[in-house]
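Input: a single structure, listed below in structure tokens.
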Amino acid sequence: MQFSVVIATGLITVWLYEDGDPYNMMLDYEVVDASGEKLECGHQRPSDSGGI
């Protein structure tokens with residue numbers, strides 16, 4: 001699987017590419033931790049971030 005990572009202050013975004021095609025992004029996926037627990041969007045985001 002190919003992917004790209006964008007890192008900015010306080011933010012990491014990962015784009016997953018289906019079949020290695022950068023024009024065909026996978027949008028239906030789950031992120032899990034080492035124990036298999038599903039991580040929701042904003043995992044470990046500081047509470048004072050204002051919901052950004």
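Distance check, rounded to the nearest 0.5 Å: CD of Q2 to CG of L16 gives 11.5 Å. A distance of 4.5 Å separates CD in E30 from NZ in K38, rounded to the nearest 0.5 Å. Once rounded to the nearest 0.5 Å, the distance linking CG of D19 with CE of M26 reads 8.5 Å.
Between the side chain of D33 and the main chain of S35, a donor-acceptor pair closer than 3.5 Å is present.
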Step-by-step side chain to side chain contact (heavy atoms under 4.5 Å, CB included) determination, Y17 to M25: CA-CA 4 Å; Y17 302 131; M25 287 182 265; 3.8 Å; yes

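By the rule that hydrophobic residues join a cluster once side-chain heavy atoms approach within less than 4.5 Å of another member, V5 and V32 end up as members of separate clusters.
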